[in-house]
Every structure is written in C-alpha cells, then in structure tokens.
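Structure, as structure tokens:
Every heavy atom of this structure was used, including side-chain atoms; hydrogens, water molecules and symmetry mates were not.
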Amino acid sequence: MKPIFVRGVSNQFRLTLAIILSVALLAANHRLDPIRQSLSSVLSPLQYLANVPGVMLDWSAEAFATRNMLELQNKELLRQQLVMSERLQRFEHVRQENERLRALLGSPVHMDSRKVVAEVMEVASDPFRQFVVLNHGSQTGVYVGQPVVDAQGVVGQVIEVSEFTSRVLMVSDTSHGIPVRVTRNDVRAIANGTGDIDQIELRHVAKSTDIIAGDLLVTSGLGNRFPEGYPVARVISVSRDDGQSYAVINAQPLAALDRIRYVLLIWPDETTPFTLPADLVELIEKNVAASQATGEQATEQQATGPQATSTTGDNASLNQPAVNPAGANAQNLTVVDPTGANTQSPPAVNPVATNDHNQSSSEPITQSSEVNQ
C-alpha cells in the first residue's frame with residue numbers, strides 16, 4: 001500500500017541545482033549564440049503566423065474604408081504632395097550646389113547607399129529591453145550593427161540576425177549609445193538611452209558646453225556605425241547645477257519609437273578613395289614644372305657666371321696675381337688661360353706677406369719662362 005504523502009526532492013537540492021544551472025548558463029552565454037540563431041530561424045514561421053491576424057485586420061480596415069475617409073485621405077495626400085514638391089525643388093538646388101562644391105574639393109558623395117524597407121513584426125514585451133523584430137534577415141543581407149531609420153530619424157541598430165528575421169535595439173534602450181553632434185555649432189556628444197521610449201540623455205557633458213533647448217542632434221559619423229547627418233533627437237531641457245560636475249541634458253527622439261510600423265535598413269555606401277580634381281592636378285603639375293625650370297636656370301647662371309668673367313677678363317686676370325686665401329705656396333698654384341694666348345702662370349700672393357709682393361711675384365714668372373724655353 002502506497003503512502004498518501006510521498007516525500008519529493010528537498011528544497012535545498014532544488015536551490016543548489018538552480019544555482020549550478022544559472023552559473024553554467026552565464027559562463028556559456030556567448031557560446032549559445034549559434035543555437036539562438038538556429039532556434040530563431042526555426043521559429044520564424046511561427047512569428048509570421050502570429051503576425052497574420054494583424055495583417056488581416058489592416059487589410060479589412062483598408063477594404064471596408066468609407067468613401068468620406070478615402071476623400072479625406074486623398075485631399076491630405078494631395079496637400080502633402082504639393083508641400084513635398086515645393087521642398088523638393090529647393091532641395092534639388094541645394095543638392096546641385098553641394099555636388100559642385102564636393103567636386104571642387106574632390107570629396108565623395110554619400111547618397112548612393114543601398115536601402116530596403118522593412119516591416120515591424122514584433123515589439124518587445126520586456127520592460128527592461130526595447131527592441132523590435134523585422135521581417136528581413138540574412139537572406140536580404142542584413143548584418144549585426146546595421147543602422148535602422150524611419151521617416152523622422154534614427155530608430156536604432158540591428159543586434160541579432162537570423163535567416164528571415166532580425167532584431168533591432170532602439171536608441172531609447174539603456175544599453176544603447178550613439179555619437180551625435182549639434183547642428184547649430186557642431187558640438188559632439190554621446191546620446192544614451194534612459195529606458196524611457198520618449199527620452200534620451202547626453203552624459204558627461206561639461207557645464208560650459210554650448211547646448212540649449214531646441215538644438216537638433218544628428219549622427220556625427222564617428223564610430224563607423226551610423227552614417228553622418230541623420231536626425232536623432234531634439235534637446236528638450238538643459239540643467240546646469242553647481243553641485244554637479246556635468247550638465248544634465250535630456251532630448252526627445254525624433255523617430256516615433258512607440259508606433260513604428262515600417263523602417264528603413266541602410267547599407268554603407270562604397271566610397272571611392274580621395275582624389276584631387278583633374279584641373280587642380282594639372283595646375284599643381286604646371287607649378288612644379290615651372291619651379292623646377294626656374295631652379296635649373298638659377299643653377300646654370302651660377303655655374304656659367306665665373307666662366308664668363310674669366311673669359312672676358314683674360315688680360316686682367318693675367319696681369320693681376322692670384323690671391324691664395326689659405327696662404328699656400330705660390331709655386332703650386334697656376335691659372336690656365338682658356339684661349340691659349342698666354343701660357344704663363346701668374347703667381348699666387350700670400351695675403352699675410354703683403355710687403356714682399358714684388359719679390360715673390362718675380363720669381364715664379366722667371367721659373368715659368370725657363371720651363372717654356
């Protein structure tokens with residue numbers, strides 16, 4: 001006969017087993033990433049299946065829309081089209097001017113990057129993590145660290161990729177940071193998430209930094225993660241307390257993080273190496289060639305100057321004795337006549353013994369005449 005109350009595993013053993021398993025999972029966390037990706041790829045059809053009711057509801061709402069709603073939407077779209085057309089005309093002029101300036105500077109244009117529209121399939125229910133799941137994965141070319149934006153600004157970056165889906169960490173998450181700069185004065189800072197979906201903060205900013213409420217924060221391009229120039233947030237409050245070492249700066253993300261439906265995946269553009277324009281290169285080559293020619297002419301003038309003086313003044317150089325600045329022996333120094341008219345070698349005069357000039361000059365001349373005879 002079996003007893004009514006069967007004694008099971010003790011609570012101490014369960015606690016010890018739970019602690020051992022927790023430590024083992026913490027130690028092997030980085031090794032479980034391939035397993036997580038495989039499980040995510042296997043469960044991707046279930047995610048698509050769970051997304052079917054939402055898709056059907058949207059389709060039903062679009063199918064049973066009333067005539068008045070369609071007319072209102074059509075008028076609103078026409079108004080937005082006119083506004084965007086006027087803005088596009090102004091931006092086209094700015095774009096052409098920007099291209100001309102970049103052509104003068106030889107700087108590449110960062111406008112031809114690849115972009116793919118993705119749909120949000122799932123939103124994280126964890127209050128401590130803020131991320132969304134997109135319907136594009138490694139088959140589309142999505143990679144870890146890829147920037148994600150929407151129609152208003154930066155949403156976040158990809159942190160996990162499976163075969164058909166990808167997970168995006170939003171800028172408001174506490175573990176997310178993005179380099180930004182102020183468009184008004186190009187002040188650089190790091191924008192960190194606070195856990196609140198409508199607020200981010202700039203940490204470790206000096207109190208003397210010129211940042212005010214209303215400043216627009218855009219990506220600075222540092223870190224080689226987010227392209228430069230995408231809007232991130234707008235400063236809503238700046239507090240400079242004397243008792244604190246840094247200013248407390250809060251900003252509101254421009255992207256609609258609480259109601260995003262479609263986002264844009266951005267691939268980095270393949271920029272060409274920096275090259276100078278052809279006309280500037282030609283001008284530099286001409287200047288270098290002209291400077292080289294000028295240097296050669298100066299060198300030729302310095303080389304031919306003493307020869308011209310010696311050829312034009314042959315008689316004068318023969319009638320005057322040569323001066324030996326080192327005070328060397330006068331018989332070892334001879335002067336050659338380039339024309340060959342006179343073969344006599346004038347004596348060299350020691351500048352130290354200037355009083356015996358007449359006597360020292362007569363002896364070498366006699367010796368040279370005896371050699372010629």
Side-chain angles (χ1 to χ4, degrees), residues 1-55 118-148 150 154-179 190-201 203-204 223-226 253 255 257-261 263 265:
M1 183 176 181
K2 296 181 179 180
I4 298 176
F5 300 100
V6 179
R7 185 177 180 181
V9 182
S10 63
N11 293 330
Q12 295 180 355
F13 179 78
R14 293 178 182 178
L15 179 60
T16 305
L17 183 62
I19 293 175
I20 294 174
L21 291 177
S22 300
V23 173
L25 289 176
L26 288 175
N29 185 27
H30 63 283
R31 300 181 181 179
L32 297 177
D33 290 337
I35 299 177
R36 293 194 187 98
Q37 294 180 2
S38 301
L39 290 176
S40 179
S41 300
V42 172
L43 297 178
S44 295
L46 296 180
Q47 293 179 346
Y48 280 98
L49 184 62
N51 197 33
V52 169
V55 175
E119 183 180 358
V120 176
M121 297 178 54
E122 180 186 349
V123 180
S125 58
D126 187 358
F128 302 102
R129 298 298 300 273
Q130 296 181 2
F131 61 87
V132 295
V133 179
L134 306 181
N135 62 343
H136 285 278
S138 58
Q139 281 193 346
T140 314
V142 181
Y143 61 92
V144 176
Q146 184 172 5
V148 181
D150 68 350
V154 176
V155 174
Q157 59 179 305
V158 178
I159 60 172
E160 185 179 338
V161 179
S162 62
E163 191 70 19
F164 304 102
T165 60
S166 57
R167 181 174 297 184
V168 177
L169 185 69
M170 294 191 289
V171 294
S172 58
D173 190 88
T174 55
S175 61
H176 190 278
I178 176 173
I190 302 295
N192 300 95
T194 60
D196 188 358
I197 201 168
D198 291 332
Q199 184 177 347
I200 60 176
E201 63 179 357
R203 301 175 183 173
H204 306 102
N224 297 327
R225 182 62 59 89
F226 290 89
L257 302 180
D258 57 343
R259 53 185 180 273
I260 53 175
R261 183 64 186 278
V263 296
L265 293 167

May I have the step-by-step check of side chain to side chain contact (heavy atoms under 4.5 Å, CB included) for Leu15 and Asn11, ending in yes or no?
CA-CA 6 Å; Leu15 179 60; Asn11 293 330; over 6 Å; no
Mind running side chain to side chain contact (heavy atoms under 4.5 Å, CB included) on Arg129 and Leu169 for me, showing each step along the way?
CA-CA 8 Å; Arg129 298 298 300 273; Leu169 185 69; 3.7 Å; yes
Go through the steps to decide whether Val120 and Val133 satisfy the test side chain to side chain contact (heavy atoms under 4.5 Å, CB included), and finish with yes or no.
CA-CA 6 Å; Val120 176; Val133 179; over 6 Å; no
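By the 6.0 Å contact criterion, CD on Gln139 is enclosed, its count of non-hydrogen atoms from other residues, nucleotides or ligands being greater than 12. Applying the 6.0 Å contact sphere to CG of Asn29 captures more than 12 heavy atoms from other residues, nucleotides or ligands.
Contact record, Ile190 with Pro179: CD1-CA, 3.8 Å, taken as the closest heavy-atom pair. When all heavy atoms of Phe164 and Tyr48 are compared, the pair lying nearest together is O-OH, 3.5 Å. Nearest heavy atoms, Phe226 versus Pro147: CD2-CB, 3.6 Å. Listed here is the closest heavy atom pair of Asp173 and Ser175: OD2-OG, 2.6 Å.
Side-chain N or O atoms of Thr140 include none that pairs as donor or acceptor with a backbone N or O of His136 at under 3.5 Å. A donor-acceptor pair is defined here as one N or O able to donate and one able to accept, closer than 3.5 Å; such a pair exists between the side chain of Ser138 and the backbone of Ser162. No donor-acceptor pair under 3.5 Å is formed between the side chain of Asp150 and the backbone N or O of Val263. Side chain of Glu119 to backbone of Leu134: no donor-acceptor contact under 3.5 angstrom is found.
Within the 4.5 Å cutoff, side-chain heavy atoms of Leu32 are placed close to those of Leu25. Two residues are said to be in side-chain contact when any heavy atoms from C-beta on lie closer than 4.5 Å; Gln130 and Leu257 fail this criterion. Between Asn192 and Ile200 the shortest side-chain heavy-atom distance does not fall below 4.5 Å. No side-chain heavy atom of Tyr143 sits under 4.5 Å from any side-chain heavy atom of Val161. Counting heavy atoms from C-beta outward, Ser40 and Thr165 have side chains that approach closer than 4.5 Å. The closest side-chain heavy-atom distance from Arg14 to Leu17 is not below 4.5 Å. Here the side chains of Val171 and Val155 are not in contact, with every heavy-atom distance at 4.5 Å or above. Considering only heavy atoms from C-beta on, Phe128 stays 4.5 Å or farther from Thr174 through its side chain.
Rounded to the nearest 0.5 angstrom, Met121 CE and Arg167 CZ are separated by 12.0 Å. The structure places CG of Leu49 at 12.5 Å from OG of Ser44, a figure rounded to the nearest 0.5 Å.
In this structure, a donor-acceptor pair under 3.5 Å is absent between the side chains of Thr194 and Asp196. A donor-acceptor contact under 3.5 angstrom links the side chains of His176 and Gln157, judged on distance only. No side-chain donor-acceptor contact under 3.5 Å links Ser41 and Ser38.
For the side chain to side chain contact (heavy atoms under 4.5 Å, CB included) test with Ser166, the passing option among Val158, Val144, Ile159 is Val158; the others fail.
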